[in-house]
Amino acid sequence: TEFVNGPFTQANIIDSLTAIGTSNKVTLLLRPGTWVISSNADWSAYTNVTFKIVPGAQISHGAFTISLPGQPEAGLYQIFSGTGTISGLKEVYPEWYGAKGDGTADDYTAINKARNDCKRLIFQGRTYNYGTTFTIPDGSTGINWLGDRTNTHLVYTVATGNGFTFAGEADSFTMKDIHLYANPGTTGTAIYSARPSANPFRDFLFERVSLEGFRIGYYIEGSINGVIRGGRQTGQGKATAGGVGLKLGKDVTNAGNQITLEDLYISGYEIGIYNVYTSPCNLSRVIIGTSVTALRVAFGVMFAKDTYFDSNNDAAILKESGAYLFWNGVLSSVGTQSITYNNHRGFRTGVPAIVMAYRSAALSINGGPSVVILDAEEEDVEGLFNITTGVFTAPYDAYYVIIAGMDFIATATDQYFSVGIYKGGTLLTQAERYAHSSSAQPFGAEVTRIVWLAAGNLIDMRANTSANLTVRNATLNIHILGW
């Protein structure tokens, strides 16, 4: 290891690199201090050198470009400052550019700078607030935004505008394990892909991405070969005009092709899924909760398999004359068709929501696992849920879909939290979260389980924490899949 001491200048770094040469493998350690770069710097030839940037050391490069020889060694603290470009990075962390991830500071500038410097962004289990739409420019390729599968929240903090906008063609964009949340709720779209030219949004993947609080979840005007898989979307309520969970295609010029939707739960929109002009669109293992119209197909071909509708939809399907809908392999009749519910059992392939229970006020929890007492209900069609004990009793032998979730406010740093679904006191499944710092911004946890229950089996939701926390928006939804 070579140590670079003061003065903290570009010339001193160049002198050290020159002395090292390009043969021997060396770690170049930058001492704490601000290392000022005063002109463009191309150090890419020194592939044998690894820059190690310790806490307190920072490269200040102004508007200049630095070409590093490879990935630096650094922790989750700021190491770069400036408006110029850093190249040679394999992956970046927003913290390297000054992101706080504390649920309070606006981290837009840091995240956007990280995006400009590298195609692979790694997010921690933190809450990153931002007040400006992230715009992915036309012609972008191979971009990855990756959460940590525990508790990565991107919180959009203004009441208008989109969370993300793809300005044109973008190839092979991937987003995984991120909760995109609008606080306050916005009139805009969480993820919007415009198509201003003949080039579509293609080969994209959104996996385990949850959307909440936006009027529209996804609006993808024109696309080819895209997959949206394994996420939960919650809108602003079915009474909010113009609310759509997934809107696919715009018109014959801006159409979609070969889009796959899998393992999704969509609720709280005027329309759950609106296929405006996409063909084919493939649905598999999709549950559409409360909406006015669960599925609307205006034009094109849609294949739906193992797709279920909650009884809280006013209408299950609205299929217009230009559309073809294959339902579990069978072609639905051509022509305008609206299928509505007559009772809580619903459409023949529906998933009745027999219980929708929630917590009406904040709740303090310390330790556990403790049963979360949900003291209010939106739905309990047969009196199966006890709001005093927080326990659901299965009415008959069947498969059930159970969805448990809650938001919580961390009151201490480095705090563990989990929410679990329990059957007769035995844990079936749980989601675990870890808060690095206390924050007024809520963290979320949600878990879903499909399980066979015999008549009389008991289900409850429990929370566990390493320190006192405040629970908000706790909900338990139970649906019947079939007998």
Side-chain angles (χ1 to χ4, degrees), residues 93-94 99-108 111 115 121-131 133-134 144-158 161-164 173-186 188-192 204-218 228-236 245-246 263-269 287 289 403-410 415-419 429-437 439-448 463 469 471-475 477:
Y93 306 88
K100 302 298 183 185
D102 60 3
T104 301
D106 190 321
D107 290 326
Y108 170 80
I111 296 173
R115 179 193 66 79
L121 274 69
I122 309 296
F123 293 87
Q124 304 304 299
R126 297 176 176 176
T127 298
Y128 301 86
N129 284 10
Y130 69 104
T133 300
F134 288 114
N144 292 265
W145 288 49
L146 307 176
D148 69 349
R149 297 199 67 172
T150 57
N151 206 29
T152 299
H153 294 258
L154 297 182
V155 180
Y156 186 63
T157 58
V158 295
N162 302 327
F164 277 77
F173 179 89
T174 297
M175 179 183 286
K176 292 184 178 181
D177 304 308
I178 288 176
H179 179 199
L180 186 57
Y181 176 53
N183 184 24
T186 175
T189 301
I191 296 171
Y192 171 58
F204 61 83
L205 171 63
F206 293 93
E207 189 166 42
R208 296 182 299 273
V209 174
S210 294
L211 309 178
E212 182 178 357
F214 293 86
R215 183 166 297 181
I216 298 176
Y218 295 88
I228 302 173
R229 175 190 299 135
R232 178 183 173 91
Q233 293 177 229
T234 305
Q236 298 174 351
L246 278 143
D263 302 307
L264 301 174
Y265 183 88
I266 302 167
S267 183
Y269 299 94
I287 297 176
I403 306 165
M406 65 180 69
D407 293 337
F408 70 96
I409 304 295
Q415 186 169 354
Y416 166 84
F417 167 77
S418 69
V419 57
T429 185
Q430 68 178 359
E432 299 176 290
R433 300 291 183 261
Y434 188 79
H436 293 274
S437 61
S439 171
Q441 181 67 45
F443 293 79
E446 183 179 275
V447 63
T448 300
L469 58 79
V471 169
R472 306 192 321 180
N473 302 324
T475 60
N477 293 351

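With rounding to the nearest 0.5 angstrom, the CG atom of Asp177 is 12.0 Å from the CZ atom of Phe123. Considering CG of Leu264 and CD1 of Ile228, their distance stands at 7.0 Å, rounded to 0.5 Å. In this structure, OG in Ser267 is found 7.5 Å from CG in Asn477, a value given to the nearest 0.5 Å.
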Practice task
Please report the C-alpha distance between Phe173 and Phe204 in whole Å, then the side-chain angles of each, then the deciding distance to 0.1 Å, and finally whether the ring pair (Phe, Tyr, Trp, His ring centres under 6.0 Å) criterion is met.
Solution key: CA-CA 5 Å; Phe173 179 89; Phe204 61 83; 8.7 Å; no
Exercise for the section: Carefully, step by step, assess Gln124 and Tyr93 under the rule side-chain contact (heavy atoms from CB on, under 4.5 Å). Expected result: CA-CA 8 Å; Gln124 304 304 299; Tyr93 306 88; 3.5 Å; yes
Handout entry: Step-by-step side-chain contact (heavy atoms from CB on, under 4.5 Å) determination, Ile403 to Arg232
Key = CA-CA 10 Å; Ile403 306 165; Arg232 178 183 173 91; 3.3 Å; yes
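Between Glu212 and His179, the closest side-chain pair of non-hydrogen atoms falls below 4.5 Å. Contact of the Leu180 side chain with the Phe164 side chain is registered, since non-hydrogen atoms from C-beta on lie closer than 4.5 Å. A heavy-atom distance below 4.5 Å is found between the side chains of Leu246 and Ile266. Counting heavy atoms from C-beta outward, Ile191 and Phe206 have side chains that approach closer than 4.5 Å. Proximity of Leu211 to Tyr218: side-chain heavy atoms (C-beta onward) are separated by under 4.5 Å at one or more points. Between Trp145 and Lys176, the closest side-chain pair of non-hydrogen atoms is not below 4.5 Å. Between Tyr108 and Thr157 there is no side-chain heavy-atom pair separated by less than 4.5 Å. Counting only heavy atoms from C-beta outward, the side chains of Tyr128 and His153 never approach each other to under 4.5 Å.
Aromatic ring pairs are classed by plane angle as parallel below 30°, tilted from 30° to 60° and perpendicular above 60°; the pair Tyr130 and Tyr156 is tilted.
In terms of the side-chain contact (heavy atoms from CB on, under 4.5 Å) criterion, residue partners of Ser418 (sequence neighbours excluded) are, by chain and number, Tyr416, Gln430, Glu432, Asn464. For Ala182, the side-chain contact (heavy atoms from CB on, under 4.5 Å) partners are Thr186, Phe214, not counting sequence neighbours. Every residue was checked against the salt bridge (charged side-chain N to carboxylate O under 4.0 Å, His left out) condition with Arg215, not counting sequence neighbours, and none meets it.
Across every non-hydrogen atom of Asp107 and Lys100, the tightest pair is OD1-N, 2.8 Å. Between Thr174 and Leu146, the shortest heavy-atom contact is CG2-CD2, 4.4 Å. Across Arg229 and Leu205, no two heavy atoms sit closer than the pair NH1-CD1, 3.9 Å. Residue Gln236 comes nearest to Gly185 through the heavy atom pair NE2-C, 3.9 Å, listed as atom of the first residue, atom of the second, then distance. Closest approach of Gly101 and Arg126 over heavy atoms only: O-CB, 3.3 Å.
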